[in-house]
Amino acid sequence: MDFDAPIITDDDLPDAPHAAPVDPEAFVDSLFVDLTEPQKQAVLHTEGPLLVLAAAGSGKTRVITRRIAYLVAGCGVPPWQILSLTFTNKAAGEMRERVHKLLGASNSDGTESRATKGLTITTFHSLCARLLRRYAEAAGLKPDFSIYDSADQLALVKKAIAGAQLSTSNFQPRSVLTAISNAKNDLVDCEAFAMSASDFSSKCIAAVYRSYTKSLRQANAVDFDDLLLLVAKVLKQNPDVREDCRRRWQYLLIDEYQDTNKAQFQIASLIAGESTPDRKPNICVVGDPDQAIYGWRGADISNILDFEEHYPAATVVKLGENFRSTAPILATADTLIKFNKRRKHKPLFTSKLGGEKIEVNNCRDERHEGQVVAHWLKRMHEEGKQETDSDGENAVGGLSWREMAVFYRTNALSRVIEEAMREANIPYTIARGTSFYEREEVKNAIGYLRVVANQADSVSLSRIINVPTRGIGDTSYDRVEMVAEREGRPVLELMREVDRIPDLSSRAVNAITKFTAMMDTWTGSGAFMGAQVSATLADLVDRILKESGLEGMYKHQAATSKSETDAERLDNLAELVSSAKEFEQEYDPAADPGNDAGTNQVPPLLALLRAYLESIALVADADAIDPSQGSVTLMTLHAAKGLEFGAVAIIGLEEGILPHARARESEAALEEERRLCFVGITRAMRRLVLTASKYRTVRGITERTIPSRFLDELPREHVHRADQSDAYADLEGTRWGGSATGDDSQGGSGRDFPSTPSSRGGVSQFPPNSKVRHPQFGLGVVVSSTGGAQARVTVEFKGIGVKTLVLEFARLTRV
DNA sequence: TTGCGATCCCTTTTT
DNA sequence: GGGATCGCAA
């Protein structure tokens, strides 16, 4: 997990904030030695607005980190005056690490102390969450508010739709939520929305929006979009807050500026301050319009395109030289992106010579595609390791698994690739960071924690009130809720006055009394004080797991069902406890704005819990990418932005997938799809393959596909095409590569696909009922098998289930 | 109140 | 194909 730089007030810090390096001049010089002229220019420009147009792979992060280091070490800017904003925790974490490394080196005792103290490098959402805690009152919240995720949002919207007497078939919760979210990103709150609603449908949505907002506030909760919207509002309407922030952050830096939405733009502008003849705000934005891929989420590309209009004094620096990719990859990306009409032309160039052609592979179906990708990755892994390289040239040396990635347009495409990776025995990780916190058992546990932290959190309360079952079913809960709603008070509060609720069975009354008593023992009746209350966060989490009966429930399940997922659930709960412990160790109470001195004395445990829940709520998929694990990374194209890999495979280059079917409506959407493809291509350093399937099964229906138009937009001279879509290897027992019919000018057939037919003896070695061992799945019994070069064995593994494996790669051994 | 089976809708992409 | 939701039976 990842923690953000603390927000520290000016008073917390000494006047001379940065320690002088051993040899300051030499150190500052060292910041520039390996920079190009435009890069230097961007680093040196510290005062006044600056727009850095950074092409893919042009050393953008290097420029940003050097610039921060230069501000501190070269210009004597106190680190706490610098605010650097990114979109993902991962980007923020990396940037922080690199800056600390740079400045740490200048620190004589080697510790990360003053040189970076108070430096704020964080995400928009984290910053806003923190500001909202500090200025909760100005935003009409209590500082212990919950942050609702999309599942919570959906629950509330459903209620709101029902409450407005509308049917969910005419107003699909998801699309209503999208409408609300879009409005919020555009800084349109529910009142403004209602004012501008003219037709029936938008009037209905306005009503839902209003009631949704009301429920959120009643639950003392905000959704993701509120974090931005409310902070923008507070900054706009509250001069004191605005002044606080401006005084604190004199230097503002924003990465991926092309992806900012209206709310983020507003926040940045308000913190930076207006541009006047006597005042030039120190705002530096970095981005690339060609990598704008969040238009669907309200990102407004004109924020970056109109930067110079907004800040007339702005300096513009263009970073065009690419240091990442080989010439063919770069030429491919450049040729493709030129098909976008609404675009400022920006050359993309490299001084590198040579490099392999990129590959385009047409496959038969998605299974085949998976195998082709797996083979390709294996080839990349092994190439150059063998003494005689099949090509005899450009032996790049085998890439390790961690240097490779597979990208896809939609998450749904990952499954087939996963299967292929398993069958081919290639270690892989899927970049899905939220999945841990989305597990049922973890969500339940977090539900308890949320209610403990915020007693008004009705969505979480309704989630856990009867888990494990304790005799408070829907009917009883609804009865309490009805009264609570009528009185505008939290449900949990009404539960404490259970006698006042009509029509409750005595059993329910009993259960509710027991439940509130249990809550009170955890929170010390809300005071978080007293001998009974846990001292540490991990303690509290552990205790809640045990005393709520959650742990017992899953223990029972694990014991009776024997399926692996049930056993995993207990492990996950244990992991939650250790994650709490880990968080606790890194938590700095002085840095928590909710813990502000004097005004609102928050019991430390509650502050800790609150901060912990916040850190959980703001994790994203992309945060989980951890290349240290030595495995191939599987992720969506969106998640890939900002990363680089030695070898990249992009799958599903088909009309309807990439470009996505929903992009057909408008030219703008189509151009965004093309940028998405561009982003994927420019992640590759040395090798790139794009694949398409002739047939694809979507939602159980197999259909003939049309190759993506993007494939026609690639430069022929840099592309090696292979068509394997007519091969029937699996059925005939022949190899795939036989019938390449692509337009490959070299006339070769499908290259060296796969030239190692089955090893180790074939299926005859594994008759049905024989016992086998698999390196990953363990012991199993063969159920059936099919022969041929693509021979498969179906094996039932103990405790795992039935798997079908390609014999050639399965590394099965007879036991 | 709970548990299970039938049915329905789905899918961009994410903080 | 599959996950979520709903309705019905116990």
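- When the ring pair (Phe, Tyr, Trp, His ring centres under 6.0 Å) test is applied to A:His638, the partners found at least two apart in sequence or on another chain are A:Tyr294, A:Trp296.
- Applying the side chain to side chain contact (heavy atoms under 4.5 Å, CB included) rule to A:Lys60 yields the partners A:Ala54, A:Ile64, A:Asp255, A:Glu256, A:Val286; only residues at least two apart in sequence or on another chain are considered.
- With sequence neighbours left out, A:Glu667 forms a side chain to side chain contact (heavy atoms under 4.5 Å, CB included) with A:Lys341, A:Leu670, A:Glu671.
- When base pairs are accepted only as Watson-Crick or G-U wobble with both N-N or N-O distances under 3.5 Å, DNA chain C takes part in stems of 3 or more pairs at B:1-10 with C:1-10.
- Listed by chain and residue number, A:Arg709 satisfy the side chain to side chain donor-acceptor pair (under 3.5 Å) test with A:Glu655 (two or more places apart in sequence, or in another chain).
- Judged as a side chain to side chain contact (heavy atoms under 4.5 Å, CB included), and not counting sequence neighbours, the contacts of A:Val467 are A:Asn444, A:Leu550, A:Met553.
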Nucleotide-resolved protein contact map, nucleotides 2-10 of chain C, B/S/- at heavy-atom distance under 4.0 Å: S--S-----
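- Legend: residues meeting ring pair (Phe, Tyr, Trp, His ring centres under 6.0 Å) with A:Tyr212, ordered by chain and number and at least two apart, are absent.
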Atom pairs under 3.5 Å: protein N/O with N/O of nucleotides 3-5 of chain B:
none

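- In this structure, the ring pair (Phe, Tyr, Trp, His ring centres under 6.0 Å) partners of A:Phe265, at least two apart in sequence or on a different chain, are A:His310.
- Checked against ring pair (Phe, Tyr, Trp, His ring centres under 6.0 Å), A:Tyr148 has no partners two or more places apart in sequence or in another chain.
- Applying the side chain to side chain contact (heavy atoms under 4.5 Å, CB included) rule to A:Ser302 yields the partners A:Asp300, A:Asp306; only residues at least two apart in sequence or on another chain are considered.
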